[in-house]
Structures are given as structure tokens and as C-alpha cells.
Trainee: 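Quick one: this structure, given as C-alpha cells, is what I'll be asking you about.
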Number of protein chains: 2
Amino acid sequence: MLEAGQPCAASYFVLQGCLRLYFVTEKGAEQITRFALENWWLADYTSLLSQRPSEFYIQAVEPTTVAVLSYPQQEALLAQVPALERYFRLVLQRAAAADQMRWVYHHGQSLEERYQQFSTWFPGFVQRIPQYMLASYLGCTPEFLSKVRAKASAG
Amino acid sequence: MLEAGQPCAASYFVLQGCLRLYFVTEKGAEQITRFALENWWLADYTSLLSQRPSEFYIQAVEPTTVAVLSYPQQEALLAQVPALERYFRLVLQRAAAADQMRWVYHHGQSLEERYQQFSTWFPGFVQRIPQYMLASYLGCTPEFLSKVRAKASAG
DNA sequence: CGTATTTCTTAACCTAGGTTAAGGAGAAGA
DNA sequence: TCTTCTCCTTAACCTAGGTTAAGAAATACG
């Protein structure tokens with residue numbers, strides 16, 4: 001859907017399924033920065049705005065239906081229907097809020113706490129994705145997540 | 001300007017000076033999530049939108065002049081001048097882009113690399129703030145930053 | 001100026017999480 | 001049913017960065 005090295009062509013709106021946005025570190029590890037579930041928008045805004053090569057990959061985690069809105073299409077749409085500016089502003093405002101809280105959870109808690117919280121808040125989602133993706137999203141290796149889970153279910 | 005525990009009353013636009021947005025971890029450490037320099041907006045969007053108590057603090061790092069736009073004022077302004085929806089959308093789009101890249105730099109590089117990059121890109125800013133704030137922003141202790149700097153200037 | 005307070009550095013020791021490696025377990029296909 | 005892949009787990013050992021503590025250097029202040 002998007003490969004690092006190419007410019008990000010569009011914003012994606014998930015109708016059904018799940019996308020992941022990730023990048024690859026110098027050491028070759030995949031770092032998932034965000035998932036997009038139903039009714040969320042996903043894009044690499046840096047690349048979308050500049051049309052320079054992206055650092056990110058976007059891939060489906062499961063069979064997924066998306067609406068694709070290219071940046072020129074978006075501009076044209078907004079020129080025709082200025083009322084949508086408000087809609088996109090509100091979408092971005094909510095995304096900004098979510099990003100700020102993500103930073104708090106990620107940098108304010110240990111991995112164990114992050115895992116506990118995430119699996120309490122999104123029990124269904126934890127079932128829905130492979131564990132190595134959850135590890136990548138939470139910011140650890142699959143091995144370490146496995147240890148945390150073993151500890152959590154023991155006591 | 002904003003204290004954790006109170007709702008975030010407004011967005012702040014920095015006319016001159018520098019603000020910092022930070023939160024306090026369970027262990028009592030301050031974590032700076034963002035600085036706002038001249039011409040940047042700063043707010044806790046989670047709290048601004050919900051009017052629930054904030055997790056964040058906003059403080060001036062140096063003598064600073066800001067424009068204050070409360071959320072009701074913003075709504076009123078946008079109702080009067082709908083063309084400004086576009087302006088705020090673009091501001092948020094740029095902020096989203098910056099946040100995504102921040103995640104890449106923060107989680108894709110070691111602390112040493114992060115420090116090198118930051119001081120190459122923003123040499124003036126590194127002079128402008130105390131080092132314990134830079135450490136907090138880069139995500140380490142002042143002690144460790146000190147070690148990295150010693151190493152960097154040696155070889 | 002000199003004193004006080006805040007910031008920065010150094011160094012010894014410690015811990016959360018990473019790495020490597022090997023084996024187990026479920027699904028998918030022949 | 002046997003094989004093959006992909007995923008998950010366990011365990012031994014390792015490292016980036018944290019903690020504690022103490023002094024050095026700035027900076028502010030009387």
C-alpha cells in the first residue's frame with residue numbers, strides 16, 4: 001500500500017479491517033507506530049505534504065477495505081465543498097490528542113504496565129493481531145513480550 | 001500556564017520565546033514531549049476537546065509572549081470566518097507530520113545519534129535551553145546526556 | 001565582590017529490556 | 001498423516017541507559 005522510498009500518494013480511510021503504519025530501524029527491526037481500525041484515516045503526512053520519499057510502510061494486517069483519497073483529490077474536494085475543511089480539522093485534532101496520550105503511555109510507563117493497560121483497554125484487538133506486531137507496537141521484542149505475558153498470567 | 005489536574009483552557013500561539021509541554025511520570029520525572037518556538041501552536045488537545053483534567057503541564061522556558069485562544073473563542077472565530085478552518089487544518093497537518101517523524105527519530109535511533117542529530121539540526125536551540133530539559137526531551141537523564149556530550153566532544 | 005542556589009559532570013554500581021539460540025505448537029498443504 | 005512454515009516460548013548472557021552520590025561550575029543575589 002505504501003513502501004518506504006516512494007512518496008505517500010494518498011490518505012487511506014479504513015472501511016473494514018486493519019492497517020499498520022511502520023518504519024524500519026537502522027538495525028532492520030520493524031517499528032509499528034500506529035494501527036488504523038475501522039473509521040480511522042491513515043497517511044504519512046510528511047511525505048504526503050512534501051511528495052518526497054516516505055520513511056514508512058503501510059500494510060494491511062488482515063483482509064481490509066479502504067477508501068483512497070489522493071492529495072490532489074482531497075484538495076479538489078475541499079475546493080468544491082469547503083465545509084469539509086472542518087471535518088478534516090476535527091479528524092486531525094482527535095489524532096493529535098491520541099498522539100499526545102500515546103506519548104504519555106509509552107514514555108511514562110514500563111513495558112509491563114503498557115501491556116497490562118493495552119490488553120485491558122483493547123482485549124479484542126490483542127486477539128486480532130499476531131503477537132510480534134503487538135510487541136513492535138508496544139516497543140519491545142516478541143521474546144520480551146512473551147516473558148511479560150508469562151509473568152502476567154502466572155501471578 | 002497549564003497545570004496537570006486542571007482542564008486545558010486554551011491553545012497558545014507563541015509570538016516570542018519558548019514554551020514546553022511536559023508530563024510527570026509515576027516515578028516523578030518530568031518528561032518534555034514538545035517545545036513550541038515562535039509561530040507554533042501548543043495545547044493539550046485531549047483536555048482541550050474534552051475539558052477533562054489534563055495530564056500535562058505547559059510552562060515558559062524563557063520570558064515568552066503568547067496569544068491565547070480559548071476553545072469557545074476558537075469556535076466563535078471559526079463560525080465567523082470559516083476560511084480559518086483551512087488554516088487550522090494545515091497547522092494540524094504539519095503538526096501530525098512532525099509527530100510522526102519525531103517517533104521515527106526517537107524510536108529508530110540510539111540516544112547518542114538522537115543527540116548528534118538534534119544538535120546538528122538545532123545548534124542554536126541547544127544553547128537556548130538548560131541541559132536537563134534537553135535530556136528530558138531526548139528521553140534520558142541529565143547524567144547520561146552529560147556522558148554522551150563528553151564522549152562526543154572527545155572523539 | 002562573596003555567598004547561595006541551581007546546573008553540570010564523573011564514576012561506581014544496577015536493571016529493564018535486547019540478543020542469541022534452540023526447541024515447541026499450531027496451521028496449511030501434499 | 002507427515003511435512004513445512006510461521007509463530008511463540010524459554011533461558012543464558014549482554015548492553016544501553018538509570019541511579020546514587022559527590023563534587024565542580026555556573027548563575028543569581030545580597
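So that the names make sense, note that chain A is the first sequence line, chain B the second, and so on, each numbered from 1.
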Trainee: Please determine if R86(A) forms a cation-pi arrangement with F88(B), meaning its NZ or CZ atom is less than 6.0 Å from the six-membered ring centre and no more than 45° off the ring axis.
Mentor: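 That pair does not qualify as a cation-pi contact.
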Trainee: With a 4.0 Å cutoff (strictly under), does any side-chain N or O of S110(A) reach OP1 or OP2 of dA16(C)?
Mentor: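 Checking S110(A) against dA16(C): no side-chain N or O falls below 4.0 Å of OP1 or OP2.
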Trainee: Within 45° of the ring axis of F144(A) and under 6.0 Å from its six-membered ring centre, is that where the NZ or CZ of R149(A) lies?
Mentor: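 Output no; distance or angle outside limits.
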Trainee: Answer yes if the ring centres of W121(A) and Y105(A) are under 6.0 angstrom apart, and no otherwise.
Mentor: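 Centroid separation for W121(A) and Y105(A): below 6.0 Å.
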Trainee: Five pairs at each end of the helix from dC1(C)-dG30(D) to dA30(C)-dT1(D): take the axis at both ends and give me the angle between them to 10°.
Mentor: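 What I find for the helix from dC1(C)-dG30(D) to dA30(C)-dT1(D) is an axis angle of 40°.
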Trainee: Where along nucleotides 7-13 of chain C does protein come under 4.0 Å, by heavy atom, of base (B) or sugar-phosphate alone (S), with - for untouched nucleotides?
Mentor: SSBB---
Trainee: From NZ of K151(A) over to C1' of dA16(C), roughly how many Å is that when rounded to an integer?
Mentor: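 Interatomic distance, NZ of K151(A) to C1' of dA16(C): 10 Å.
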Trainee: For the pair made of CD in E112(B) and P in dA16(D), what is the distance, rounded to whole Å?
Mentor: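 E112(B) atom CD is separated from dA16(D) atom P by 9 Å.
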Trainee: Rounded to whole Å, how long is the line connecting atom NE2 of H106(A) with atom P of dG17(C)?
Mentor: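 Whole-Å distance recorded here is 10 Å.
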Trainee: Output all residues satisfying salt bridge (Lys or Arg N to Asp or Glu O under 4.0 Å) with R128(B), sequence neighbours left out; order by chain, then residue number.
Mentor: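 Partners of R128(B) under the salt bridge (Lys or Arg N to Asp or Glu O under 4.0 Å) test: E38(B), E62(B).
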Trainee: Determine the interplanar angle of the F13(A) and W41(A) rings, folded into 0 to 90°, and report it as parallel if under 30°, tilted if 30 to 60°, perpendicular if over 60°.
Mentor: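 The rings of F13(A) and W41(A) sit tilted, inter-plane angle from 30° to 60°.
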Trainee: Quickly work out the H107(A) NE2 to dA16(C) P distance and round it to whole Å.
Mentor: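 Going from NE2 in H107(A) over to P in dA16(C) covers 18 Å.
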Trainee: Going only through I, L, V, M, F, W and Y residues with side-chain contacts under 4.5 Å, is there a path from L90(A) to L78(A)?
Mentor: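 No, because L90(A) and L78(A) fall into different hydrophobic clusters, even though each may have its own neighbours under 4.5 Å.
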Trainee: What integer distance in Å separates K27(B):NZ from dG17(D):C1'?
Mentor: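 That distance rounds to 12 Å.
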Trainee: Under 30°, 30 to 60°, or over 60°: which ring-plane class applies to W103(A) and H107(B), parallel, tilted or perpendicular?
Mentor: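 Tilted.
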Trainee: Using atom CD of E26(A) as one end and atom C1' of dG18(C) as the other, report the distance to the nearest whole Å.
Mentor: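 Rounded to whole Å, this separation is 16 Å.
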Trainee: Would you call the rings of Y137(A) and F35(A) parallel, tilted or perpendicular, where under 30° means parallel and over 60° means perpendicular?
Mentor: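 Ring orientation, 0 to 90° scale: tilted.
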Trainee: To the nearest 0.5 Å, how far apart are CZ in F56(A) and OH in Y45(A)?
Mentor: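 F56(A) CZ to Y45(A) OH: 12.0 Å, rounded to 0.5 Å.
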Trainee: Rounded to the nearest angstrom, tell me the gap between atom CZ in R128(A) and atom P in dC7(D).
Mentor: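 The answer, rounded to whole Å, is 18 Å.
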Trainee: Using atom CG of L111(B) as one end and atom C1' of dT15(D) as the other, report the distance to the nearest whole Å.
Mentor: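 Result: 14 Å.
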